[in-house]
Amino acid sequence: MAEKKEILLSIQNLSFSFDTQRGVVNAVRDISLDIRKGETLTLVGESGCGKSVTAHAINQLNPMPPGKVDHGKIMFRGTDLLTLKRHEIEKLRGTQISMIFQEPMTALNPVFTVGAQIADVFMTHQHMTKQEAMERTIDLFKLVKIPAPERRVNSYPHQLSGGMRQRAMIAMALASPEPGLMIADEPTTALDVTIQAQILDLLNDLKHKIEMSILLITHDMGVVAEMADRVVVMYAGRKVEEADVFSIFETPRHPYTLGLLNSLPSNTKYKNARRLEAITGTVPDMRTIGAGCPFENRCAYASEKCGQEFPTETVLGESHSVWCHNYHMVKEG
Ligand code: SF4
């Protein structure tokens, strides 16, 4: 059994809600998870299940108000990030926690060259001269495999392809003195499949080269298979299953996880191919969820108890837990 690495970030019983004009949206409810040094943890689930709200709570990127932390802690290198003041979390964002987004155009400034924007990170946080900062930027462009880096640092974001922009964003995320945690929010969703594969390879490569931890948010089980060491499956703001990536794919025990896997194309020959199975129904209204399991209205395994109380954790193995009353009935295939 592989030795467990040190915990870098620990989210403990986090609940986060939004007070909207149409009612309180309980976006995240009692989520706990750990990210260890050098591992990739993926948060997976449909849109609106609370993945991004959980990740954005780490570096306080959720709008507050209307958002608010109802309870919980987010411990990072001995500090509860939820207690930090704005200037303190901003400093951490540029130095130890970085973020890449689905569409880099929204994060890159269109009126400055990509090189100038990355060099600015070096000058601000590491007090480098302009020339030193630009040399380091070119080194980073080489690291993220941007061709002709000396020329590309002078490009504006709109002059780069989608894949190149995402590489530039990754370079910016690595421009911190001690990149500990990278949060990647659907980083390949906007890219075509061949470029997606290149970006995922790059992230995997960098993770091993610089022992970075990655929190990867995705709705795509193919990306999970490619990237994850461990997987947290979320549904309607709750954690419903957590396991190492092999257990998730080989012995899923939550009906929602099984549904996500059954909606993946299989790798069989055409004559054995099956129709993809959709999960019927939709995610419930997060303002009116009761005390029971929120998956009840879509679940083929639901029983009377499911509508009455949310299940407690069942530990199935050292790294595998599920929150389901009827997990023992769930069989893949
Ligand atoms: Fe389905 Fe009940 Fe399990 Fe929820 S607790 S996933 S409704 S079987």
Side-chain angles (χ1 to χ4, degrees), residues 11-17 23-33 41-54 70-72 217-222 224-225 228 230-264 266 274-333:
I11 298 180
Q12 298 168 7
N13 306 106
L14 178 71
S15 290
F16 197 100
S17 61
V24 175
V25 177
N26 294 302
V28 168
R29 295 184 292 165
D30 208 23
I31 290 284
S32 295
L33 56 87
L41 179 80
T42 58
L43 273 183
V44 65
E46 284 162 286
S47 300
C49 70
K51 312 180 299 283
S52 292
V53 175
T54 304
D70 296 312
H71 62 79
I217 300 158
T218 183
H219 62 271
D220 182 339
M221 293 303 277
V224 173
R230 284 191 306 121
V231 184
V232 168
V233 182
M234 286 185 73
Y235 184 76
R238 295 273 198 186
K239 181 161 83 168
V240 296
E241 187 157 12
E242 175 172 8
D244 62 275
V245 66
F246 300 108
S247 301
I248 283 288
F249 279 86
E250 283 169 19
T251 53
R253 281 293 170 263
H254 195 280
Y256 181 59
T257 311
L258 189 64
L260 291 175
L261 291 170
N262 285 343
S263 64
L264 264 182
S266 66
R274 57 168 174 77
R275 277 184 176 277
L276 299 185
E277 290 173 32
I279 304 173
T280 54
T282 54
V283 179
D285 186 334
M286 302 285 272
R287 295 166 300 171
T288 55
I289 289 176
C293 173
F295 195 56
E296 188 200 8
N297 64 333
R298 307 172 77 182
C299 182
Y301 300 87
S303 57
E304 199 179 336
K305 194 177 180 188
C306 301
Q308 294 161 359
E309 56 188 82
F310 186 76
T312 53
E313 177 179 6
T314 302
V315 178
L316 301 168
E318 197 189 354
S319 64
H320 193 174
S321 288
V322 68
W323 286 255
C324 173
H325 293 303
N326 300 324
Y327 70 90
H328 51 284
M329 294 161 56
V330 178
K331 291 275 181 293
E332 65 276 25

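Ligands are counted one by one from 1 in listed order, and the atoms in each one are counted from 1 as well.
Looking at Arg230, its side chain never comes within 3.5 Å of a backbone N or O of Leu41 through a donor-acceptor pair. Between the side chain of Ser15 and the backbone N or O of Asp30, at least one donor-acceptor pair lies under 3.5 Å. For Lys239 (side chain) and Val232 (main-chain N/O), no donor-acceptor pair under 3.5 Å exists by modelled atom type. Within the 3.5 Å criterion, the main-chain N or O of Cys324 finds no donor-acceptor partner in the side chain of His254. Not one N or O on the side chain of Lys305 forms a donor-acceptor pair closer than 3.5 Å with the backbone of Gly292.
The protein atom (non-hydrogen) at minimum distance from atom 2 (Fe) of ligand 1 is Cys306 SG, 2.2 Å. Of all protein heavy atoms, the one lying nearest to atom 4 (Fe) of ligand 1 is Cys293 SG, 2.3 Å.
With a 4.0 Å heavy-atom cut-off, ligand 1 is reached by the backbone of Cys324 and by its side chain too.
Among the backbone and side-chain atoms of His325, none of the N, O or S atoms lies under 2.8 Å from atom 2 (Fe) of ligand 1. The nearest N, O or S atom of Cys299 is not closer to atom 4 (Fe) of ligand 1 than 2.8 Å.
The side chain to side chain donor-acceptor pair (under 3.5 Å) test with Ser321 is passed by exactly one of Glu241, Glu313, Glu242, Arg253: Glu313.
Within ligand 1, the atoms closer than 4.0 Å to a non-hydrogen atom of Glu296 are 7 (S), numbered from 1 in the order shown. Atoms of ligand 1 found under 4.0 Å from any heavy atom of Tyr301 (numbered from 1 in listed order, with element): 8 (S).
Distances shorter than 4.0 angstrom occur between a heavy atom of His254 and an atom of ligand 1.
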